[in-house]
Amino acid sequence: NLPVWYEAGAMDISWTNFVTLVVVMHYMFGFAEMKRYMDFKNPGSQGAPGSFLGLEGAFKGGENGYPGGIFDPMGFSKGPEFEKMKLREVKNGRLAM
């Protein structure tokens with residue numbers, strides 16, 4: 001009973017209201033971005049015991065700002081092309097702006 005992708009915006013969401021969805025979305029994005037900021041501020045701190053409900057092992061290692069671990073299940077950040085792809089990502093973003 002799932003709608004096709006181009007009709008997903010017309011789906012009935014009467015089980016909640018728009019304000020609740022926006023508040024929850026902002027809270028979740030804010031939490032994720034704050035964890036990333038804290039890793040920039042204090043590298044490696046997000047892998048310390050007690051920093052994320054017992055799931056800290058997924059955040060160990062990696063470069064600051066590039067989470068890896070559970071966020072990279074296919075291992076794309078471990079290949080030799082990764083540095084080149086990061087540069088391409090920044091250049092593409094600048095071009096798009």
Can you give the donor-acceptor pairs under 3.5 Å from side chains of residues 16-24 to other protein atoms, not counting sequence neighbours?
unit_1: Asn17; atom_1: OD1; unit_2: Thr20; atom_2: N; d: 2.8
unit_1: Asn17; atom_1: OD1; unit_2: Thr20; atom_2: OG1; d: 2.5

Exercise for the section: Decide, yes or no, whether a salt bridge links Lys86 with Glu83 under the criterion of side-chain N to carboxylate O below 4.0 Å. Expected result: yes
Handout entry: Contact check, side chains of Tyr37 and Met34, non-hydrogen atoms, under 4.5 Å
Key = yes
Exercise for the section: State whether the number of non-hydrogen atoms from other residues, nucleotides or ligands found under 6.0 Å of Met25 atom CE is greater than 12. Expected result: yes
